[in-house]
Amino acid sequence: MIYFNLLIQFFHIGLFSFGGGYATLPFLYHIAENQKWYTIKQLTDMIAISSITPGPVGVNVATFAGFTTAGILGALIATTSVILPSYVLVIIISKFLEQFETNKNVKAAIYALKPAGCGLLAAVAVDMFMNNANLFGMILLVILFFISVKQKHDPLYYLSISAIIGLLAGFFKLTT
Amino acid sequence: MDKSFYTIFKTFLKVGTMLLGGGYVILPLLQSELVDKKGWIDSDGLCEYYALGQSVPGIIAANMSIFVGYKLRGQIGALAAVLGIVTPAFLAIILVAAMLEEIVHLNFIQNIFWGVGIGVILLVFLATKEMWNKSIVDKFTCIIFFSAFILSACFKVSPALIIILSIAAGIIYRKQIPEKNSIIKGCSE
């Protein structure tokens, strides 16, 4: 039964997430809160690892969530189901490319979809900040933020710095 | 020009392996592999698929691969391309996830992940900022942003429902106030 539920949940992520990269996160966050297949903490770890392993982040994090929920078969089902809507839609759209590109309703939908997807991700960011960071974490976040404002870096750069600081902070019992 | 299942698969497998850290590095990678080396499509075609990849739900890299694969060899090409782009991600995660289960209980690993958790919050904030720059262009999109944010953060409404509502709002709004210029853009963004 868990496999069927995985299929339904990840198919619906593939069908409704727009904007690539982190666009699937609000959906995975919602699953963590409702299905309890994994915790928010686990999801955060998955995002970190997905950001530094080969492949599109969206595929990585879906595979990871599927694996955490139901092992290798779970990973296979999650990955396939999250791609399936793309596969079907892209092939249909490829056959009617011109109509799709000039359709007024498609443009109107995309025009409104993008800010909605952005709002969903902002809600995840705020929720993570409120629930996951203690005082020392907040200070670390502010420092990282100022580094990012000064100059843009790779995800790997921020994650390496925060990993080292986490390791050091552990010695001084600052992580709880 | 060789457009066999295996060649298409191999090309996208290479792209999938080199794709690190997500974001928009997909574009230069596809430019180098598909346009410069293989000559399967030209730069304009790639830009068109980039724009299209973002107008279809799902993961942009996968969408683009399926578009290009389908153009090259129909359904067989699409299947080869999507398998190629997904396989490295799948294998890498299975490997890391299995190893992680062995070590995650260790104290210092917990501390590392505590720090990394803070880094992830920053990454999500930065991704939000980037999406904001691309999507909030006027009063209407600003209203949609805050409506989606409040529905999700305060009322825990399902993301899928919020997306459906925003599509409806966009179509109704455009019926009242038609747009001036096209929104589906290519690489100019």
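In what follows, chains are A, B, ... by sequence order, proteins preceding strands, each numbered from 1.
Looking at B:K71, there are no atoms closer than 4.5 Å to chain A (heavy atoms on both sides), in backbone or side chain. Interface remark: A:K104 contributes no atoms to any contact with chain B (heavy atom separation under 4.5 Å). When heavy atoms are compared at a cutoff of 4.5 Å, A:L144 approaches chain B by way of both its backbone and its side chain. For B:S147, no part lies near chain A; criterion is any non-hydrogen pair under 4.5 Å. At a 4.5 Å heavy-atom cutoff, B:L95 makes no contact with chain A through either its backbone or its side chain. Only the side chain of B:I136 comes within contact range of chain A, with at least one heavy atom under 4.5 Å from a heavy atom of that chain. At a 4.5 Å heavy-atom cutoff, the contact between A:L97 and chain B is made by side-chain atoms alone. Interface remark: B:A97 contributes backbone and side-chain atoms alike to the contact with chain A (heavy atom separation under 4.5 Å). Looking at B:V96, only its side chain comes within 4.5 Å of chain A, counting heavy atoms on both sides. Contacts of B:I164 with chain A are made by side-chain atoms alone, with heavy-atom separations under 4.5 Å and no backbone atom involved. B:L126 touches chain A through its side chain: at least one heavy atom from C-beta onward sits under 4.5 Å away, while N, CA, C and O do not. Both the backbone and the side chain of B:Q75 come within contact range of chain A, each with at least one heavy atom under 4.5 Å from a heavy atom of that chain. Only the side chain of B:I93 comes within contact range of chain A, with at least one heavy atom under 4.5 Å from a heavy atom of that chain. Looking at A:D127, the atoms closer than 4.5 Å to chain B (heavy atoms on both sides) all sit in the side chain, from C-beta outward. In this structure, chain B has a heavy atom under 4.5 Å from the side chain of A:V82, while its backbone stays farther away. Using a 4.5 Å cut-off between heavy atoms, B:V56 contacts chain A through both its backbone and its side chain. Using a 4.5 Å cut-off between heavy atoms, A:N134 touches chain B through its side chain atoms alone. At a 4.5 Å heavy-atom cutoff, the contact between B:Y70 and chain A is made by side-chain atoms alone. With a 4.5 angstrom heavy-atom cutoff, A:F145 touches chain B via backbone and side-chain atoms both. If you measure heavy-atom distances from B:Y173 to chain A, the contacts under 4.5 Å come from the side chain alone. A:S148 touches chain B through its side chain: at least one heavy atom from C-beta onward sits under 4.5 Å away, while N, CA, C and O do not.
How far CZ of B:F9 is from CD1 of B:I85: 11.0 Å, rounded to the nearest 0.5 Å. Taking CG of B:L19 as the reference point, atom CG of B:L30 lies at 8.5 Å (rounded to 0.5 Å). Between atom CE of residue A:M46 and atom OG1 of residue A:T39 there is a gap of 7.5 Å, rounded to the nearest 0.5 Å. Residue A:F64 holds its CZ atom at 8.0 Å from OG1 of A:T53, rounded to the nearest 0.5 Å. Note: B:I26 CD1 to B:S65 OG = 5.5 Å, rounded to the nearest 0.5 Å.
The side-chain heavy atoms of B:D44 and B:C47, taken from C-beta on, include no pair separated by under 4.5 Å. No side-chain heavy atom of A:D45 sits less than 4.5 Å from a side-chain heavy atom of B:V116.
A:Q99 CD: more than 12 foreign heavy atoms inside a 6.0 Å radius. With a 6.0 Å radius and a threshold of 12 heavy atoms from other residues, nucleotides or ligands, B:I109 has its CD1 atom above the threshold. Within a 6.0 Å sphere centred on NZ of B:K10, heavy atoms belonging to other residues, nucleotides or ligands number 12 at most.
When hydrophobic clusters are built by joining Ile, Leu, Val, Met, Phe, Trp and Tyr residues whose side-chain heavy atoms come closer than 4.5 Å, directly or via intermediates, A:V142 is not grouped with A:L159. Clustering ILVMFWY residues whenever any of their side-chain heavy atoms sit less than 4.5 angstrom apart, transitively, puts A:I92 in a cluster other than the one holding A:F11. Note: the hydrophobic cluster containing B:Y6 does not contain B:I76 (ILVMFWY, side chain heavy atoms under 4.5 Å, direct or indirect links). By the rule that hydrophobic residues join a cluster once side-chain heavy atoms approach within less than 4.5 Å of another member, A:V88 and B:Y49 end up as members of separate clusters.
For the set B:G74, B:G58, B:G119, the entry with the most heavy-atom pairs within less than 4.5 Å of chain A is B:G58. For the options B:A89, B:A127, B:A153, heavy-atom pairs under 4.5 Å to chain A are most numerous at B:A89. Between chain B and the options A:A75, A:S160, A:P26, heavy-atom pairs under 4.5 Å are most frequent for A:A75. Between chain B and the residues A:T24, A:I49, A:V59, A:N60, the largest count of heavy-atom pairs under 4.5 Å involves A:N60. Each of A:T68, A:I164, A:I91 has some count of heavy-atom pairs under 4.5 Å with chain B, and the biggest count is that of A:I91. For chain A, the option among B:A78, B:A61, B:A62 with the highest count of heavy-atom pairs below 4.5 Å is B:A78. Each of A:L121, A:T44, A:V90 has some count of heavy-atom pairs under 4.5 Å with chain B, and the biggest count is that of A:V90. For the options A:I83, A:I165, A:I47, A:N105, heavy-atom pairs under 4.5 Å to chain B are most numerous at A:N105. Most heavy-atom pairs under 4.5 Å with chain B, from the set A:A109, A:G58, A:C118: that is A:C118. Among B:V15, B:T87, B:D138, the residue with the largest count of heavy-atom pairs under 4.5 Å with chain A is B:D138. For chain A, the option among B:I59, B:I144, B:L122, B:I171 with the highest count of heavy-atom pairs below 4.5 Å is B:L122. Between chain A and the residues B:I167, B:I94, B:L123, the most heavy-atom pairs under 4.5 angstrom are made by B:L123.
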- Kindly determine whether B:F12 and B:L83 satisfy side chain to side chain contact (heavy atoms under 4.5 Å, CB included), including the steps that lead there. CA-CA 8 Å; B:F12 281 92; B:L83 282 177; over 6 Å; no
- Quick one: do A:Y29 and A:M128 satisfy side chain to side chain contact (heavy atoms under 4.5 Å, CB included)? Show the steps, please. CA-CA 10 Å; A:Y29 212 81; A:M128 278 183 160; 3.8 Å; yes
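A cation-pi arrangement is present between B:R174 and A:Y111, with the terminal nitrogen or guanidinium carbon under 6.0 Å from the aromatic centre and inside a 45° cone about the axis.
In this structure, B:W114 has its ring center closer than 6.0 angstrom to the ring center of A:F136.
Of the possible donor and acceptor atoms, none in the side chain of B:N111 sits under 3.5 Å from a partner among the backbone N and O of A:L167.
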